[in-house]
Q: 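Please read through the structure below; I'll follow up with questions.
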Amino acid sequence: MLLTSTSARTAIGMEAVREVSLTVNAAHLFVYFVPEAPEEAAGLGVTDPGPAYFAFRSAPMGAVPWQVTLAAFYGFSPRSVRAMAGVWDAAAPREWQAARFTAVGRALRRVGVRLTADQIAEARSLIDPVVAGADHAGKPMAAANASVPLPADPLVALWQQITVLREWRGDAHFTVLAANGVGPCDCNVLQTATGHFPEAIARATRLWDDEEVAAATARLAARGWLDADGTATGAGRAARERIETETDEHCAALWTPIGDTGVRRLTSLIRPIHDAFTAAGTYPFPVETGERRSAGPGDAG
């Protein structure tokens, strides 16, 4: 399935699109693993990590019911998202968004992300036209994050622009998954079977039960993507890579405002964010950044 034009694909090399997508994801990802996030959530009266996660991430959409969050997040089970019911009674979405920015700023300072004011300004000069020119049709999470007023802290503001583009690719990825007939539980099973996301984390956060996982495994096995025991086949690994490639093709036009050279420069400018959190021991699994491909874009969070 092809979701972008040939002209867009030739304007930006696919290798550069994949690398910047991975690096954008890696620069965003720390918010789901740093202690500052649950500390700020506790300050709003929510100590359960599941509801806090959904409140922080869906706050840009406003006080939506949990069913809307479920639809926008795709890969989570209804039982996992239903737990967020009541978070908007604890605090309004704008308070959750402000608390998220506070957590991000605290975490960035704690690990000592080394970006100078000039580097932040240069990164913004590259990322801002991409965000401004993005087509948000069918991209609810990206559109919601693009509507959030940027905070005063320059580094946190850069992180929010990164977040818009991270969610844009996620929205595009869900479109590709659906078009390929890979449902919410199936995509989790395929990711874990191909070694791109730890099964224990997927099961603990997405909360698909044994029966649902078994049914998804059977569906993927019927397609030749998994063996009956859930082991990925060569066809399954190829299918997963094809889905990632189709997502890259969908994303290529997003980056045309800055071209291949700008994409590669932005990638190098924001990579130190992830490097600092990795050095601080933030992640319980390897995160792919374009230099090391061990977890796919959008796999966590």
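The first residue in the sequence is number 1, and the count goes up from there. A quick note: this is a predicted structure, and the numbers were derived from the prediction, not measured.
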Q: Side-chain heavy atoms nearer than 4.5 Å, only ILVMFWY residues, links allowed to pass through others: does that put Met84 and Met61 together?
A: yes
Q: Is there side-chain contact between Ile258 and Pro129, with at least one heavy-atom pair below 4.5 Å?
A: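 Yes, their side chains come closer than 4.5 Å.
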Q: With sequence neighbours left out, write down each residue that passes side-chain hydrogen bond (donor to acceptor under 3.5 Å, both in side chains) with Glu122, or none if nothing qualifies.
A: Arg265
Q: Quick check: is Val164 connected to Leu150 through a chain of hydrophobic side chains (ILVMFWY, heavy atoms under 4.5 Å apart)?
A: no
Q: Considering only heavy atoms from C-beta outward, does the side chain of Val263 approach that of Val17 to under 4.5 Å?
A: no
Q: What residues, two or more places apart in sequence or in another chain, satisfy side-chain hydrogen bond (donor to acceptor under 3.5 Å, both in side chains) together with Arg110?
A: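 Per chain and number, Arg110 pairs via side-chain hydrogen bond (donor to acceptor under 3.5 Å, both in side chains) with Glu36.
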Q: Tell me if a side-chain donor or acceptor on Thr23 pairs with a main-chain N or O of Glu19 at a distance below 3.5 Å.
A: yes
Q: Less than 4.5 Å apart, side chain to side chain, heavy atoms only: is that true for Glu249 and Glu246?
A: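 Counting from C-beta outward, Glu249 and Glu246 do come under 4.5 Å.
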Q: How would you list, by chain and number, every residue that makes a side-chain contact (heavy atoms from CB on, under 4.5 Å) with Ala232, sequence neighbours excluded?
A: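 Expected list: Ala193, Thr194, Leu226, Arg237.
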Q: Show your reasoning for whether side chain to side chain contact (heavy atoms under 4.5 Å, CB included) applies to His173 and Ile243.
A: CA-CA 8 Å; His173 191 57; Ile243 288 168; 3.6 Å; yes
Q: Main chain of Arg206, side chain of Ser77: is a donor-acceptor contact present, judged purely on distance under 3.5 Å?
A: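 Indeed, once roles are kept as given, a pair shorter than 3.5 Å links the two residues.
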Q: Assess, by modelled atom type and distance only, whether the side chains of Gln161 and Asn145 contain a donor and an acceptor separated by less than 3.5 Å.
A: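 On atom types as modelled, these side chains do not qualify, holding no pair under 3.5 Å.
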Q: Any donor and acceptor pair, going by atom type alone, linking the side chain of Thr233 with main-chain N or O of Trp225 inside 3.5 Å?
A: yes
Q: Check each of Gln191, Arg223, Arg219 against Asp186 using the side-chain hydrogen bond (donor to acceptor under 3.5 Å, both in side chains) test, and report the only one that passes.
A: Arg219
Q: Any non-hydrogen side-chain atom of Phe277 less than 4.5 Å from a side-chain atom of Val287?
A: no
Q: Check Lys139 with Glu167, please: is the shortest side-chain N to carboxylate O separation under 4.0 Å?
A: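 Looking at Glu167 and Lys139, the cut-off is not met.
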Q: Show your reasoning for whether side chain to side chain contact (heavy atoms under 4.5 Å, CB included) applies to Asn180 and Val176.
A: CA-CA 6 Å; Asn180 280 273; Val176 173; 3.5 Å; yes
Q: Below 6.0 angstrom between ring centroids: does that apply to Tyr283 and His274?
A: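 For Tyr283 and His274, the ring centres are under 6.0 Å apart.
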Q: If I compare all heavy atoms of Ala216 with all of Cys185, which pair ends up nearest, and what's the gap?
A: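 That would be CB-SG, 3.7 Å.
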Q: Kindly write out the residues that satisfy ring pair (Phe, Tyr, Trp, His ring centres under 6.0 Å) with Phe101, not counting sequence neighbours, or none if the list is empty.
A: none
Q: Checking Asp171 now: which residues fulfil salt bridge (Lys or Arg N to Asp or Glu O under 4.0 Å) with it, not counting sequence neighbours?
A: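 If we apply the salt bridge (Lys or Arg N to Asp or Glu O under 4.0 Å) test to Asp171, skipping adjacent residues, there are no hits.
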Q: Please give me the minimum heavy-atom distance between Val130 and Leu254, naming the atom from each residue.
A: CG1-O, 3.4 Å
Q: Is it the case that the side chain of Trp208 and the backbone of Ala202 share a donor-acceptor pair, with hydrogens and angles ignored and the cut-off at 3.5 Å?
A: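 Answer holds: no.
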Q: Do Asn25 and Glu288 come close enough that some side-chain heavy atom pair is under 4.5 Å?
A: no
Q: Between Val34 and Val111, is there a side-chain heavy-atom distance shorter than 4.5 Å?
A: no
Q: Once salt bridge (Lys or Arg N to Asp or Glu O under 4.0 Å) is applied, do any residues pair with Asp209, and if so which ones, sequence neighbours excluded?
A: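 If we apply the salt bridge (Lys or Arg N to Asp or Glu O under 4.0 Å) test to Asp209, skipping adjacent residues, the hits are Arg79.
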Q: Would a 4.5 Å heavy-atom cut-off, applied to side chains only, mark Trp66 and Pro78 as touching?
A: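 In contact.
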Q: Has the side chain of Asp260 got a donor or acceptor atom that lies under 3.5 Å from a matching backbone atom of Ala16?
A: no
Q: Does anything in residues 86-101 pair up under side-chain hydrogen bond (donor to acceptor under 3.5 Å, both in side chains), and if so which pairs, sequence neighbours excluded?
A: Tyr32-Arg100
Q: Considering non-hydrogen atoms only, spot the tightest contact between Cys251 and Ala172 and give its length.
A: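 Heavy-atom minimum between the residues: SG-CB, 4.3 Å.
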Q: Mind checking whether Phe33 and Ile162 sit in one hydrophobic cluster, side chains of I, L, V, M, F, W, Y counted as touching below 4.5 Å?
A: yes
Q: Taking only residues two or more places apart in sequence, or in another chain, which ones meet Phe54 in a ring pair (Phe, Tyr, Trp, His ring centres under 6.0 Å)?
A: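 For Phe54 the ring pair (Phe, Tyr, Trp, His ring centres under 6.0 Å) partners, ignoring immediate neighbours, are Phe73, Phe76.
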Q: Taking the six-membered ring for Trp, is the centroid-to-centroid distance between His250 and Trp168 below 6.0 Å?
A: yes
Q: Quick one: list whatever passes side-chain hydrogen bond (donor to acceptor under 3.5 Å, both in side chains) with Thr245, sequence neighbours left out.
A: Glu241
Q: Does Asp229 have any side-chain hydrogen bond (donor to acceptor under 3.5 Å, both in side chains) partners at least two apart in sequence or in another chain, and if so, which?
A: Thr231
Q: Kindly give the heavy-atom pair with the smallest separation between Gly62 and Pro93, and that separation in Å.
A: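 Result for this residue pair: C-CG, 3.5 Å.
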Q: Do any N or O atoms from the side chain of Ser80 and from the backbone of Leu207 form a donor-acceptor pair under 3.5 angstrom?
A: no
Q: I'd like to check the salt bridge (Lys or Arg N to Asp or Glu O under 4.0 Å) partners of Arg106; sequence neighbours left out, ordered by chain and number.
A: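 Once residues adjacent in sequence are excluded, the partners of Arg106 under the salt bridge (Lys or Arg N to Asp or Glu O under 4.0 Å) criterion are Glu39, Glu40.
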Q: Does Asp48 have any salt bridge (Lys or Arg N to Asp or Glu O under 4.0 Å) partners at least two apart in sequence or in another chain, and if so, which?
A: none
Q: Quick check: do Trp159 and Val113 have side-chain heavy atoms less than 4.5 Å from each other?
A: no
Q: Less than 4.0 angstrom from a charged side-chain N to a carboxylate O is my criterion; do Asp275 and Arg114 meet it?
A: no
Q: Is Asp153 reaching over with its side chain to a backbone N or O of Leu155, donor-acceptor style, under 3.5 angstrom?
A: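 Answer holds: yes.
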